[in-house]
Protein chains: 2
Amino acid sequence: MEWELQSDRPIYTQLVEELKRRIISGYYRPGEKLLPVRELAQEAKVNPNTMQKALAELERQNLVFAVRTTGRYITEDAELIAETKKEFASFHVQTYYREMHALGYGKENMIELLSEYEEECR
Amino acid sequence: MEWELQSDRPIYTQLVEELKRRIISGYYRPGEKLLPVRELAQEAKVNPNTMQKALAELERQNLVFAVRTTGRYITEDAELIAETKKEFASFHVQTYYREMHALGYGKENMIELLSEYEEECR
DNA sequence: TTTCTTGTGTCATATATTTAGTACAATAAT
DNA sequence: ATTATTGTACTAAATATATGACACAAGAAA
């Protein structure tokens, strides 16, 4: 799994998103132990402080928790994960609809373009 | 038309996007004269320097041009506008598809959720 | 001509972000 | 008991972003 970071937004914000994506997609399982901050940072080619900042934010949202000297783990609260996933999906549905609607595209166009892209990917 | 600015990304980046959105949606017409930087900045509740930075970027992309002492205008290059619109739309199609796909949603789900949201808006 | 408006440039300052380096406490591993 | 690993905290420095306050040149408007 890759860490694709752009330069047009704060890195730690992008790290929060990618970590969240990995949790709600199931790539990281509930209760799973994460790699240490320093290694995660190395993987993402980022400063440990920056990764720490991202993890602190996920902790604030209860998606991960730290056991001092032992390591950091994904939450076991499956309901929270499901809820977060739902919010994440809704956000993207809204964004897509609103951006396309603002350009004058209607529902049919949105679906059509989506289908075309899907075929392109296959 | 409102200037909705979030705090999680550089403001001038968001200004570039909003201005581009207004151009490719036809809200600003080809050749149309824009309000002076200072007024646009006031509208968006932003510092003139920040608005200037955004306009300079649009100028770099040839979407607007400045006539020194007279004002700033939208390009008359309809083809460039159409091309930019196409790119903008493709970007959102891709983003939506890839984000949802990463969460395990398939094409049918993507369409279903989109339809639901569309009804919600009506 | 004089005045006003335009885009543009510069300087200073404040804040946010990112990296680098270091250090510490707690506990697991030896 | 000693060592290594963990999260965490702190300082310093570099860069990016945003605002504020000016100033200037060139053309439009008076």
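Each chain gets a letter, A, B and so on, in the order its sequence line appears, and its residues count up from 1. Remember, it's a predicted structure, so these values are computed and weren't measured experimentally.
A salt bridge is defined here as a Lys NZ or Arg NE, NH1 or NH2 lying under 4.0 Å from an Asp or Glu carboxylate O, and Lys20(B) with Glu87(B) fails to meet this definition. By the 4.0 Å N-to-carboxylate-O rule, Glu57(A) lies close enough to Arg60(A) to be salt-bridged with it. One finds no salt bridge joining Glu32(B) and Arg22(B) here, because no Lys/Arg side-chain nitrogen approaches an Asp/Glu carboxylate oxygen to under 4.0 Å.
For Glu43(A) and Trp3(A), the side-chain atoms include at least one donor-acceptor pair closer than 3.5 Å.
Taking atom CD of Gln52(A) as the reference point, atom P of dT19(C) lies 14 Å away to the nearest angstrom. As rounded to whole Å, 10 Å separates atom P of dT19(C) from atom CE of Met51(A). Regarding Gln42(B), its CD atom lies at a distance of 15 Å from the C1' atom of dG20(D), rounded to whole Å. Atom-to-atom, CZ of Phe65(A) to P of dG7(D) comes out at 13 Å; the value is rounded to the nearest Å. One interatomic measurement links the two molecules: CD of Glu39(B) to C1' of dT5(C), which rounds to 10 Å at whole-angstrom precision. Distance Arg60(A) CZ to dG7(D) P: 20 Å, rounded to the nearest Å. dT6(D) atom P lies 12 Å from atom CZ of Arg72(A), rounded to whole Å. Distance, Leu55(A) CG to dA9(D) P: 13 Å, rounded to whole Å.
Here the OG1-CZ distance, from Thr84(B) to Arg21(B), works out to 14.0 Å after rounding to the nearest 0.5 Å. Of the inter-residue distances, the one linking Ser115(B) atom OG with Met110(A) atom CE reads 10.0 Å to the nearest 0.5 angstrom.
Each of Lys45(B) and Val37(A) was matched to the nucleotide of DNA chain D holding its nearest heavy atom; the match closer to the 5' end belongs to Val37(A).
Val93(B) and Phe91(A) fall into different hydrophobic clusters, defined by Ile, Leu, Val, Met, Phe, Trp and Tyr side-chain heavy atoms under 4.5 Å apart, directly or through other members.
Residue contacts for Val46(A): at a heavy-atom cut-off of 4.0 Å it reaches the sugar-phosphate backbone alone, with no base atom in range.
With sequence neighbours excluded, no residue satisfies salt bridge (Lys or Arg N to Asp or Glu O under 4.0 Å) with Arg38(B).
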Protein and nucleotides 11-18 of chain C: nitrogen or oxygen contacts under 3.5 angstrom:
{"residue": "dT17(C)", "atom": "OP1", "partner": "Tyr12(A)", "partner atom": "OH", "Å": "3.4"}
{"residue": "dT18(C)", "atom": "OP1", "partner": "Ile11(A)", "partner atom": "N", "Å": "2.1"}
{"residue": "dT18(C)", "atom": "OP2", "partner": "Ile11(A)", "partner atom": "N", "Å": "3.3"}
{"residue": "dT18(C)", "atom": "OP2", "partner": "Tyr12(A)", "partner atom": "N", "Å": "3.3"}

Kindly give the atom pairs (protein nitrogen or oxygen, nucleotide nitrogen or oxygen) under 3.5 Å for nucleotides 24-30 of chain D.
{"residue": "dG27(D)", "atom": "O4'", "partner": "Thr69(B)", "partner atom": "OG1", "Å": "2.9"}

* CA sep, side-chain torsions, deciding dist, call: His92(B), Tyr96(B), ring pair (Phe, Tyr, Trp, His ring centres under 6.0 Å) -> CA-CA 6 Å; His92(B) 285 291; Tyr96(B) 181 53; over 10 Å; no

